[in-house]
Amino acid sequence: MIPTLLKAATTRLAAAGIEDAREDARALLRHALGLDAAGMIARGVTAPLSEGEAARFEALIARREAREPLSQIIGSVGFWTLDLIVTRDVLTPRSDTETLVRAALGRITDRSAPLKILDIATGSGAIALALLSELPNAHAVATDISPAALEIAKANAARNQLSGRIRFLETGWADGVDGPFDLLVSNPPYIAPEVIATLEPEVRDFEPLLALDGGQGGLAPYPHLLNEARRLLNPGGHALFEIGHDQGAPVLELARAAGFRTARRLADLAGHDRVLAVHN
């Protein structure tokens, strides 16, 4: 019966060090059965699993037990109001990054304006697509050096009916991009190399190193990105960058060194520094 299977799966996942073991077991059972939450209720807990369903569930639990991210096993994740495809070629979009989306939207006085947005190192496309979903007349350019990541971002744009308002470019940072833009956003790599080995296995072993390693102190991308913001922003434009929880003070110094007199660090819902915001 389903309760017995879920209890055993939860025990296994908890023993593997997974914090949300019960929730993950439930999500994987739904995925194995091809049902959403409402479908699970309709099916009921007394109906036995077929041999094929039980085998699928066991295979999924084994993958999660090995610390493969839930998002990669299921193949998608919710971000903002969107459903995004996720593979090993991109970072899994996290709720921390929604702090950047909220902050960017908070700087826009007229959401119906024909804004131009640049998303540097777009990965799955999460930030640009979330912004476009809220700004009906905006258009975006999204760059990434990884062709595999860009394929995922393109698929996510199509999945969320936003392909007509976003253009993807395979390039390093904003090389070859011409402005001006009203809004520039980026979630660059910001993990110091020596810290990567200490990350959770889901991140360390399954997410692309290119999207994690931020060079010395995790700060290497920011001077270049800030200079690009100076080059590419319209007068009065805004740039927002995701940062590490302990990087607020040094990135503020970098912003001021780049000539931004208006620079702020913004906290996420846990109270940790998460975003550097500058105003041109």
Side-chain angles (χ1 to χ4, degrees), residues 79-80 82 84 90-91 93 97-147 149-154 156-157 160 162-190 210-211 214 220-243 251 254-255 258-260 262-264 266 274-280:
F79 178 81
W80 199 250
L82 310 176
L84 300 177
V90 296
L91 294 180
T97 302
E98 293 183 352
T99 302
L100 190 156
V101 175
R102 280 191 294 272
L105 291 172
R107 281 154 175 74
I108 295 168
T109 55
D110 179 5
R111 293 197 181 187
S112 65
L115 301 171
K116 292 181 64 180
I117 301 168
L118 175 62
D119 181 9
I120 299 175
T122 194
S124 66
I127 298 172
L129 296 174
L131 290 170
L132 290 179
S133 74
E134 301 285 348
L135 304 169
N137 296 311
H139 287 74
V141 173
T143 74
D144 207 288
I145 199 170
S146 165
L150 286 175
E151 289 304 310
I152 298 301
K154 290 174 185 176
N156 280 326
N160 291 281
L162 293 167
S163 297
R165 293 195 286 127
I166 188 166
R167 180 165 60 97
F168 296 97
L169 295 177
E170 183 184 336
T171 189
W173 305 122
D175 295 351
V177 176
D178 294 320
F181 294 90
D182 303 295
L183 181 63
L184 187 154
V185 292
S186 182
N187 179 12
Y190 56 74
L210 185 67
Y222 295 105
H224 181 68
L225 289 171
L226 287 159
N227 287 331
E228 290 291 64
R230 294 282 290 174
R231 177 176 74 88
L232 291 167
L233 280 178
N234 267 321
H238 295 271
L240 299 98
F241 307 99
E242 185 163 330
I243 61 174
V251 294
L254 292 171
F260 286 102
T262 304
R264 295 181 59 198
L266 309 173
R274 189 57 58 193
V275 172
L276 169 69
V278 299
H279 181 216
N280 203 19

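- In terms of heavy-atom proximity, Ala153 sits nearest to Gly123 at CB-O, 3.4 Å.
- Counting heavy atoms from C-beta on, the side chains of Thr143 and Val177 come closer than 4.5 Å.
- Side chain of Glu98 to backbone of Trp80: a donor-acceptor contact under 3.5 angstrom is found.
- Between Val185 and Leu131 there is a side-chain heavy-atom pair separated by less than 4.5 Å.
- Looking at Leu232 and Leu118, their side chains come closer than 4.5 Å, going by heavy atoms from C-beta outward.
- Residues meeting the salt bridge (charged side-chain N to carboxylate O under 4.0 Å, His left out) test with Arg111, sequence neighbours left out: Glu134.
- Residue pairs satisfying the salt bridge (Lys or Arg N to Asp or Glu O under 4.0 Å) criterion with at least one member in residues 135-145, sequence neighbours excluded, are absent.
- Here the options are Leu226, Val251, Thr262, the test is side chain to side chain contact (heavy atoms under 4.5 Å, CB included), and the partner is Val278; only Leu226 passes.
- The two atoms that bring Leu254 and Pro223 nearest to each other are CD2-CG, 4.0 Å, heavy atoms only.
- At distances below 3.5 Å, not a single donor-acceptor pair connects side-chain atoms of Arg165 with backbone N or O atoms of Ala140.
- Residue Leu210 qualifies as open at atom CG: its count of foreign heavy atoms under 6.0 Å is 12 or below.
- By the salt bridge (charged side-chain N to carboxylate O under 4.0 Å, His left out) test, Arg167 is found to be paired with no residue, residues two or more places apart in sequence or in another chain being considered.
- Counting only distance, with no hydrogens or angles, the side chain of Thr171 and the backbone of Ala174 share no donor-acceptor pair below 3.5 Å.
- Looking at heavy atoms from C-beta onward, Asn187 lies out of side-chain contact with Thr122 at the 4.5 angstrom threshold.
- By the 4.5 Å heavy-atom criterion applied to side chains, Leu184 and Leu225 are not counted as neighbours.
- The main-chain N or O of Leu84 is never found under 3.5 Å from a side-chain atom of Asn156 such that the two would form a donor-acceptor pair.
- Contact detail for Ser186 and Ala121: the closest heavy-atom pair is OG-CB, 4.4 Å.
- Contacts classified as side chain to side chain donor-acceptor pair (under 3.5 Å) and involving residues 175-184 (residues at least two apart or in different chains) are given here: Asp182-Asn234.
- Ring geometry for His224 versus Trp173: interplanar angle of 30 to 60°, hence tilted.
- Taking the salt bridge (charged side-chain N to carboxylate O under 4.0 Å, His left out) definition, one finds that Glu151 meets it with Lys154, sequence neighbours left out.
- Contact of the Arg274 side chain with the Phe241 side chain is not registered, since no non-hydrogen atoms from C-beta on lie closer than 4.5 Å.
- Between Leu240 and Leu276, every side-chain heavy-atom pair lies at or beyond the 4.5 Å cut-off.
- With sequence neighbours excluded, the residues forming a salt bridge (charged side-chain N to carboxylate O under 4.0 Å, His left out) with Glu228 are Arg231, listed by chain and number.
- You'll find the side chain of Ile117 stays beyond 4.5 Å of the side chain of Phe181, heavy atoms only.
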